[in-house]
4 protein chains.
Amino acid sequence: MKKQDVQELFNQCMEQATADELKVIHQLLTGVQRKKQKYNDSYISAILNMEKFPSDNEYKISIPINTLTDNSLGIVHGGITATVLDTVMGTLANTLVPEGYGAVTSNLAIHFIAPGKGEKMETIAKIIHKGTNTLVIEGTAFCDNGKKIAHCTGTFFIIKK
Amino acid sequence: MKKQDVQELFNQCMEQATADELKVIHQLLTGVQRKKQKYNDSYISAILNMEKFPSDNEYKISIPINTLTDNSLGIVHGGITATVLDTVMGTLANTLVPEGYGAVTSNLAIHFIAPGKGEKMETIAKIIHKGTNTLVIEGTAFCDNGKKIAHCTGTFFIIKK
Amino acid sequence: MKKQDVQELFNQCMEQATADELKVIHQLLTGVQRKKQKYNDSYISAILNMEKFPSDNEYKISIPINTLTDNSLGIVHGGITATVLDTVMGTLANTLVPEGYGAVTSNLAIHFIAPGKGEKMETIAKIIHKGTNTLVIEGTAFCDNGKKIAHCTGTFFIIKK
Amino acid sequence: MKKQDVQELFNQCMEQATADELKVIHQLLTGVQRKKQKYNDSYISAILNMEKFPSDNEYKISIPINTLTDNSLGIVHGGITATVLDTVMGTLANTLVPEGYGAVTSNLAIHFIAPGKGEKMETIAKIIHKGTNTLVIEGTAFCDNGKKIAHCTGTFFIIKK
């Protein structure tokens, strides 16, 4: 990929950009920076501008809700909700395993409850079961008004890194 | 959001951009264009450069695999897999409902099978059950070598738009 | 079915019955009585000798653990655990719907955590979400020593009877 | 448990038994015989009179539908459906593991599709993924008219016996 090609594509985007598109491009580029600075450890986390709040035996992650996160109906895309839930649950899982081990998602069961709307989506992960080979974790996603968007449970395998 | 702020952020990103970051920025901006041109109907679909292949009673979507789709272990992020599966299953579901109706995800159950690797992730959605109030859809994600990455089933509610 | 055939089959069973089989036959016949007396509203609930403990916004059901409930490995059969969880969750769901409505299971996602052992399996159902068209309910099964056997979530449709 | 107590309970049951109850008692006692003769390896399988049909890379189990299998609405109890699905999937799983190993259910995700009615419920299990540590299996339950009752997927752990 040549720098010039990226520059030209950017110029094209900017020429006709709506106010909404400017915000989206800004968030995407902020994401590239966040990933480079290792504030987030994956591009998808970085681009969604995930904010992390660890605490004892729990983990919270929040993201801004806007056109970038929405589906064609103007509510948060179910895949985005699943992504943040998988991330918050997996992050908690990884804090629970011994040194030299990691936790990988074996399965997720998500119930979608209500449309994701408002300024922010907040998610919280809690422990259901902590075993020697597996973890069962619960994740819940909320609107900023406290309404539940989705509820998820997942099994995580504990594996040697 | 001022144009100038976006321009400055872009310049910062470009100054120190690695070859890999140039590719990521190019894909993100291509996504912004794809959304503007209505080639994809949500930003997440556009940014992941989802290619759609409808056919009778089935639907396929594929995305390129690269650093943009990967998690911190260098394999496709489980949330990305979930997002493409939710999209391909929901898209199939929406082709099956009568005029004036839509299909929304009620729940998803995803089994993660093997790491997503290679150049492309291909997904296919099939009908398990087509009822008057609900649909049950199956989605499978594959590496380009044919290996299964994940298997998913979901219930979709049929609602009046 | 002639009375005499049932009597002969019973005699056969009794002739060679081990102590364990006597207990099983006694529990099965107790189940037939419990169903007849409407103490339980289905044969499976009656035969498993389900004891019900309703309370505000929660529901508990317990069953005795013995050879009748065990699988070939000598631990509670996963299907029995699923049956009690489905029953306790569905029973709670049905207490939450308006007069003239019922709740039917749309889906269940069960994580099996540890072997069901001991004298009793205790289950508890709690509300995750109470909507106008659906309910999301959580169910947990425990050994009598407090160890979790399984965790389940389910969506229930609210339908007119 | 004394023989005499069982005999007395049986006599009580028989005195007032309806035609339907006679059939139920006969099926239950047949189950006790089937378990004793090792035709079925658990009481729940024996009492439900599960018939097994192994074949290459698939497994089928069918049960008679009657008052014994029904819930209070007169359709097959969701827990019974879950039990037969868990059994057929687990039985297939156990045919796929090496000598000295067993397969145990890690999780099940069941979508209930239509009421179980008719004379028989037929279930079939198929392989979704066969790995070295886990298996992903699919199970489907049908009425004898071919209508789907439920669809299930599950992850099974392969463990040393």
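Quantities reported herein were computed from a predicted structural model and do not represent experimental measurements. Lettering follows sequence order; numbering is per chain, from 1.
Phe10(D) and Phe10(C) have parallel rings, their planes meeting at less than 30° on a 0 to 90° scale where 60° marks the start of perpendicular.
Taking 4.5 Å as the limit, some side-chain heavy atom of Ile75(D) sits within range of a side-chain heavy atom of Lys117(D). Contact of the His111(C) side chain with the Asn107(D) side chain is registered, since non-hydrogen atoms from C-beta on lie closer than 4.5 Å. Put simply, the side chain of Asp70(C) reaches to within 4.5 Å of the side chain of Val76(C), judged on heavy atoms.
Neither the backbone nor the side chain of Thr155(D) comes within less than 4.5 Å of any heavy atom of chain C. The contact between Asp41(D) and chain C is made by backbone and side chain atoms together, counting heavy-atom distances below 4.5 Å. Both the backbone and the side chain of Thr67(C) come within less than 4.5 Å of a heavy atom in chain D. Looking at Ile113(C), there are no atoms closer than 4.5 Å to chain D (heavy atoms on both sides), in backbone or side chain. Contacts of Val6(D) with chain C are made by both backbone and side-chain atoms, with heavy-atom separations under 4.5 Å. Interface remark: Thr105(D) contributes backbone and side-chain atoms alike to the contact with chain C (heavy atom separation under 4.5 Å).
Asn11(C) and Glu15(C) share no side-chain donor-acceptor pair at under 3.5 Å. Residues Gln4(C) and Glu8(C) bring a donor and an acceptor atom of their side chains to less than 3.5 Å of each other.
Panel note: side chain Lys36(C), backbone Glu21(D); no donor-acceptor pair is recorded below 3.5 Å. With hydrogens and angles ignored, the 3.5 Å screen pairs a side-chain donor or acceptor of Lys52(D) with a backbone N or O of Tyr39(D). The backbone N or O of Met50(D) lies less than 3.5 Å from a partner atom in the side chain of Arg34(D), making a donor-acceptor pair. Side chain of Gln27(C) to backbone of Ile47(C): a donor-acceptor contact under 3.5 angstrom is found.
What you find for Ser42(C) and Asn71(D) is that their closest heavy atoms are CB-CA, 4.0 Å.
Across Gly31(C), Gly102(C), Ser72(C), the residue that shares the most heavy-atom pairs under 4.5 angstrom with chain D is Ser72(C). Per-residue heavy-atom pair counts under 4.5 Å with chain C were compared for Gln12(D), Lys161(D), Gln7(D), His151(D), and the maximum is reached by Gln7(D). Note: Val24(D) leads Val24(D), Ile25(D), Asp20(D), Val32(D) in heavy-atom pairs under 4.5 Å with chain C. Highest contact tally toward chain D, considering only Lys2(C), Lys3(C), Lys23(C), is held by Lys3(C) [criterion: heavy-atom pairs under 4.5 Å].
Residues of residues 78-99 of chain D lying within less than 4.5 angstrom of chain C, judged on heavy atoms, are Gly78(D), Gly79(D), Ile80(D), Ala82(D), Thr83(D), Asp86(D), Thr87(D) in numerical order.
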